[in-house]
Amino acid sequence: MLTKRIIPCLDIKEGRVVKGVKFLGLRDAGDPVEVAKVYDRQQADELVFLDITASVENRKTLVGLVERIAKNIFMPFTVGGGIRDVQDIRDLLNAGAEKVSMNTQAIKYPDLISKACGKFGSQCIVLAIDAKRNQDSGNRAASWEVYINGGRTPTGIDALGWAKKAVALGAGEILLTSMDYDGTKDGYDLELTRAIADAVDVPVIASGGAGKLEHFYDVLTKARADAALAASIFHYREYSIRQVKEYLKGKGVPVRL
Amino acid sequence: MIAIIDYGMGNIHSVQKALELAGATAIVTNRIKDIEDAQKLVLPGVGAFGDAMSELKKQGLVALIKGQIKKKKPFLGICLGMQLLFRESQEAPGVKGLGVLGGVVKKFSASKGLKVPHMGWNELEIKNKNCPLLKDIDNRSYVYFCHSYYPDPAKASVAAASCEYGRQFACVAWQDNVYGAQFHPEKSQENGLKMLKNFVRLC
């Protein structure tokens with residue numbers, strides 16, 4: 001049976017992990033390869049690396065890093081941040097990334113999704129959506145707006161509609177981050193996640209808000225996410241991947257242990 | 001020496017490193033002489049079927065690969081590289097595959113809550129324990145999948161292992177010296193590395 005995935009996320013700046021990762025016994029907690037190895041040993045199902053520098057000079061550093069990761073860990077990982085065109089995608093995939101994720105550039109040039117899928121297949125093209133709940137929906141159903149440029153720029157685009165359109169263009173997976181819940185540790189946005197997961201027939205990775213074990217259970221069952229992503233609770237060792245998976249297994253959720 | 005056939009379709013570093021870890025000398029190449037001199041061949045691949053076949057053609061590799069397989073050289077196709085071994089794919093109607101294995105490649109149909117691509121860790125069910133690639137692999141081991149199309153071999157006996165996703169499909173193919181893995185052994189942690197080691201140890 002296909003299992004639900006637990007995915008730690010690492011923010012990368014100029015080839016280094018930022019936002020602090022506290023692992024005992026790591027020689028260098030800023031080296032993405034060292035951190036990745038720890039998660040590999042903990043049986044993380046995938047890793048996501050988000051490059052937050054995203055400058056042109058930085059692309060070579062990023063590709064070099066991806067090569068180094070792929071040579072050291074034998075598990076799937078996704079790379080996102082600052083992807084501009086098909087050539088960037090090709091470079092990252094050739095360097096060993098399983099998938100690439102795009103947000104800003106996909107909004108600006110939706111054609112890039114179909115072009116990339118035609119070249120490399122939908123299975124490696126992930127659409128990242130940063131979504132923020134619209135406050136004044138009144139009696140209407142809840143809705144969410146897409147933000148780009150690392151959450152700085154509102155687009156006026158409806159997240160649900162965009163998810164459907166991107167999947168029609170070929171996107172093979174959606175990495176969905178709730179900007180309202182991100183960093184709160186209050187749990188994932190179940191309503192948002194469920195709305196998107198029900199609307200598209202590709203896998204959905206929920207992100208933003210994980211703080212407790214039951215948050216993973218809720219988002220993977222009630223909200224029907226296929227995977228749950230988290231950063232700080234793993235980096236600060238509040239829970240290990242294994243603990244999360246054992247908890248889920250105990251509640252009857254299929255996980256790989 | 002193992003030659004990993006480089007036709008510009010992704011994911012080659014991890015395959016190379018994994019084979020080296022498994023004890024092999026592995027080179028990434030598209031040179032005819034390297035491919036002829038190698039004891040074993042690996043055809044990796046991330047991408048679309050049509051593009052991949054036209055790349056292989058452009059680089060003059062189609063007849064070469066078929067010839068090497070005929071000479072009984074051990075050959076492993078991974079993911080798209082496995083699919084290319086078949087006659088054709090629904091991903092690229094009208095494009096001929098290598099045709100080394102009988103059968104075609106089909107698309108999963110997204111229905112009744114089945115998400116496509118089939119993405120993540122799933123169990124393999126071993127059908128043929130004698131398949132050398134599966135030596136010391138436990139039944140129901142997890143491996144990593146990432147694909148929207150699946151191979152449907154003409155002969156059921158070609159499926160050395162299958163996987164359940166909406167339907168049963170062949171996830172390990174084996175016919176004489178030809179092996180295929182629909183999942184990514186190079187991304188499947190211990191189980192995957194074990195299979196690559198099995199391939200490296202083949203005589």
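Note that these values count all heavy atoms, side chains included, but never hydrogens, waters or copies made by symmetry. Here the structure is a predicted model, which means the values were calculated and not measured.
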(message) So Lys17(B) and Phe74(A), do their side chains get closer than 4.5 Å, heavy atoms only?
(response) yes
(message) Is any side-chain heavy atom of Cys146(B) closer than 4.5 Å to one of Glu98(A)?
(response) yes
(request) Identify, with sequence neighbours excluded, every residue that meets ring pair (Phe, Tyr, Trp, His ring centres under 6.0 Å) alongside Trp121(B). (result) Tyr144(B)
(message) As an exercise, state the distance from CD1 of Ile73(A) to NZ of Lys187(B), rounded to the nearest 0.5 Å.
(response) 7.0 Å
(request) With a 4.5 angstrom heavy-atom cut-off, could you sort out which part of Lys4(A) is near chain B: side chain, backbone, both or neither? (result) neither
(message) Only heavy atoms, only distances under 4.5 angstrom. Which residues in residues 249-257 of chain A are near chain B?
(response) Val255(A), Arg256(A)
(request) Would you mind checking which part of Leu21(B) comes under 4.5 Å of any heavy atom in chain A, side chain (CB onward), backbone (N, CA, C, O), both or neither? (result) side chain
(message) Looking only at heavy atoms and a cut-off of under 4.5 Å, which of Glu164(B), Glu20(B), Met119(B), His147(B) has the most pairs with chain A?
(response) Met119(B)
(request) Check whether Ala44(A) gets within reach of chain B through its side chain, its backbone, both or neither, counting any heavy atom under 4.5 Å. (result) backbone
(request) Find the distance between CG (Leu2(A)) and CG (Leu114(B)) and round it off to the nearest 0.5 Å. (result) 9.0 Å
(message) Minimum heavy-atom separation for Tyr142(B) and Met1(A), please, with both atom names.
(response) CE2-O, 4.0 Å
(request) Could you pull out the closest heavy-atom pair between Gly172(A) and Pro117(B), with the gap in Å? (result) O-CD, 3.0 Å
(message) Report which part of Asp91(A) has an atom under 4.5 Å of a heavy atom belonging to chain B: side chain, backbone, both, or neither.
(response) neither
(request) Taking side chain to side chain contact (heavy atoms under 4.5 Å, CB included) as the test, write out the residues that go with Ala197(A), two or more places apart. (result) Val204(A), Arg224(A), Lys115(B)
Under 3.5 Å, side-chain donor or acceptor atoms of residues 96-109 of chain B against the rest of the protein: list the pairs with distances, not counting sequence neighbours.
from: Lys106(B); atom 1: NZ; to: Asp152(B); atom 2: OD2; distance (Å): 2.8

(message) I need the minimum non-hydrogen distance between Val202(A) and Val116(B), along with the two atoms involved.
(response) CG1-O, 3.2 Å
(request) Could you grab the distance from atom OG of Ser188(B) to atom CE of Met75(A), nearest 0.5 Å is fine? (result) 10.5 Å
(message) Heavy-atom pairs under 4.5 Å with chain B: which of Lys71(A), Gln43(A), Glu46(A) has the most?
(response) Lys71(A)
